[in-house]
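These values consider heavy atoms only, across backbone and side chains, with no hydrogens, waters or symmetry-generated copies. Quick note on labels: first sequence line is chain A, next is B, and so on, each numbered from 1.
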Amino acid sequence: MNFLDKINAQTITMLLDGTRDTLLMTFVSAIIAYIIGMPLGIVLVVTHKSGIRPIPALEKVLGFIVNILRSPPFLIMLILMFPITRAITGTTLGPKAVIPPLVVAAAPYVARIVESSIKEVDAGVIEAAQSMGASPLQIILKVLIPEAKPSLIVGATLATTTILAYSAMAGIVGGGGLGDIAIRYGYYRYETEIMVVTTLVIVVLIQVIQESGMLLSRVTDRRRKV
Amino acid sequence: MIEDGCMIEVKGLYKEFPLNGQMQEVLKDVNLRIYKGEVFGIIGVSGAGKSTLVRCMNFLEKPTKGEILIKGKNLSDLNPKELREVRRNMGMIFQQFQLLEQRNAIDNICFPMELVGIKRKDARTKARELLKTVGMEEKERSFPSQLSGGQKQRVAIARALALNPEILLCDEATSALDPETTKSILELIRELKSRLGLTVVIITHEPDVVKAICDRVVSIKNGVVSESEIPTDSFEN
Ligand SMILES: Nc1ncnc2c1ncn2[C@@H]1O[C@H](COP(=O)(O)OP(=O)(O)OP(=O)(O)O)[C@@H](O)[C@H]1O
Ligand SMILES: [Mg+2]
């Protein structure tokens, strides 16, 4: 049997739709996860007992919540979230229904990634800003975020590729997108070729996101020698 | 309030840090009066407590006990906002320069002006003037990674002066520089001091620095400050 026999116009349309759904799920989830996770990550650094606005009790509580939300495997999270997902999106099937669990799984992960990037900012530079009379908010906006930018971009790349991989996992519960196609054809219908091609598309997407993210981080980093 | 021209007064200052579960006294009963227009040196070996002392002067470090008065204002009495205002009157430079790596020279100098809401256009005009003052007008657009240590310190000095402070605190500002560069940076500080009437506090472990620039000096050892003489050349030989 010829491998390419299966790759007809219909399959290509299906793969394109799958790619669109996957990218949509991934980027919408990533953006919402950052809207929640980025401030959370910054708060974790700033309120740490060695931070610029220490509130150790708050930091401990938030850190604990983040750890709990990060603990369950994604598939379990997906299932546990069914009622909430249904309440928000009206369904538990398709790309739309994968976004809430993806966000809940990714936001704490994003918070930790952002936290570690922001922590890399040299304490001496922060202190210099304080010596110039910078307020905590000014330090966050004008020192921590801009100085950590290259590292934040690397983190965002990592988060986005991880979310994409998770979104593919959601195929197992009919989540739509490429993962769904791979499972439907490869696992339920033994059409291995389509599964392989679909997986290849996922690999390519991850490569492209990864490489462009790293490139963006490099070209925006002013520490490089020109 | 400051009839005698005392810019910085340190009264009965103690500072403790926890070390292995115990409190370690890093500064013990430090008393100092630093006057307008002088270059005041504080010399001591590594670990003596020099950085801690200078960091107490602008409350980057809060004293365990004792008082810091800047132009007669007791820093312990100030709320965070008032403290930030006092800090703006005290420029500070560091051994490791502490420039923002993602900003070029001119934007680093604009940084403190942004903090107080000076318009971008005015800030840049002032920053250009300062770049010229420190001899760096050619390097306006260079990023810190593209500058030598001495050049970075010049930018840092320009930044420290951006808000026209009356006081300049220097924590080992030349310790990362070679002797030639050290000399040129000290000359620059000396010149700026005369021109702007700055009060300068110099922290160092190098007798040569004290000799080159200080009007008065104290030495610090194990957190205890004592009067000291400006070293003379016979000291060296
Ligand atoms: N934040 C801190 N927490 C705990 N101990 C500290 C802290 N800062 C300073 N110390 C301790 O205080 C002592 C004095 O430190 P300080 O940095 O003031 O010394 P220094 O004279 O500036 O030394 P150097 O020339 O090496 O910079 C040291 O023993 C140091 O370990
Ligand atoms: Mg020191």
Side-chain angles (χ1 to χ4, degrees), chain A residues 38 42 45-56 114 116-156 213-226, chain B residues 18 51 54-55 57-61 78-105 107-117 141-147 155-156 159-163 165 167-172 176:
Chain A
M38 177 126 172
I42 292 170
V45 181
V46 168
T47 59
H48 188 264
K49 68 179 191 307
S50 61
I52 53 172
R53 188 83 173 72
I55 314 176
V114 168
S116 88
S117 293
I118 299 278
K119 272 209 166 130
E120 283 168 28
V121 176
D122 188 342
V125 176
I126 298 167
E127 193 171 284
Q130 286 174 320
S131 80
M132 288 178 259
S135 67
L137 186 65
Q138 285 175 323
I139 291 176
I140 292 170
L141 296 177
K142 288 180 176 289
V143 180
L144 296 181
I145 295 174
E147 289 293 296
K149 195 172 75 187
S151 170
L152 287 169
I153 294 173
V154 172
M214 298 311 276
L215 183 71
L216 185 64
S217 168
R218 262 199 315 281
V219 300
T220 56
D221 190 351
R222 304 311 197 149
R223 284 170 299 185
R224 76 194 194 282
K225 306 264 180 195
V226 181
Chain B
S51 294
V54 78
R55 289 156 47 84
M57 287 180 185
N58 59 6
F59 257 44
L60 284 178
E61 209 70 80
L78 306 182
N79 64 34
K81 191 161 168 285
E82 293 166 328
L83 178 61
R84 292 201 283 273
E85 256 146 48
V86 172
R87 282 177 178 166
R88 289 178 187 137
N89 195 26
M90 310 173 80
M92 190 168 187
I93 57 175
F94 307 84
Q95 178 171 359
Q96 294 307 329
F97 323 119
Q98 316 298 13
L99 296 174
L100 296 160
E101 301 273 344
Q102 304 294 343
R103 285 185 178 225
N104 62 19
D107 288 338
N108 261 286
I109 301 170
C110 288
F111 177 77
M113 295 187 268
E114 280 171 29
L115 297 180
V116 294
R141 288 170 184 283
S142 298
F143 286 88
S145 64
Q146 302 164 320
L147 299 174
V155 175
R159 179 178 70 172
L161 297 177
L163 297 177
I167 296 169
L168 181 64
L169 305 175
C170 313
D171 187 359
E172 303 268 12

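- Remark: the backbone N or O of B:L115 is paired with a side-chain donor or acceptor of A:Q138 at under 3.5 angstrom.
- No other option in B:R55, B:K81, B:R103 has as many heavy-atom pairs under 4.5 Å with chain A as B:R55.
- Looking only at heavy-atom pairs under 4.5 Å with chain A, the residue among B:L60, B:N58, B:N104 that has the most is B:L60.
- Contacts between B:F97 and chain A at a heavy-atom distance below 4.5 Å are absent for every atom of the residue.
- The contact between A:S135 and chain B is made by backbone and side chain atoms together, counting heavy-atom distances below 4.5 Å.
- With a 4.5 Å cut-off on non-hydrogen atoms, B:E101 touches chain A through its backbone and its side chain both.
- Counting only heavy atoms from C-beta outward, the side chains of B:R87 and A:Q130 approach each other to under 4.5 Å.
- Around the NZ atom of A:K149, the shell of radius 6.0 Å holds no more than 12 heavy atoms that belong to other residues, nucleotides or ligands.
- Smallest separation of non-hydrogen atoms from A:P146 and B:Q102: O-CG, 3.4 Å.
- For chain A, the nearby part of B:L99 is the backbone; its heavy atoms alone come within less than 4.5 Å.
- Of all the heavy atoms in B:R88 and A:G133, the pair that sits closest is NH2-O, 2.8 Å.
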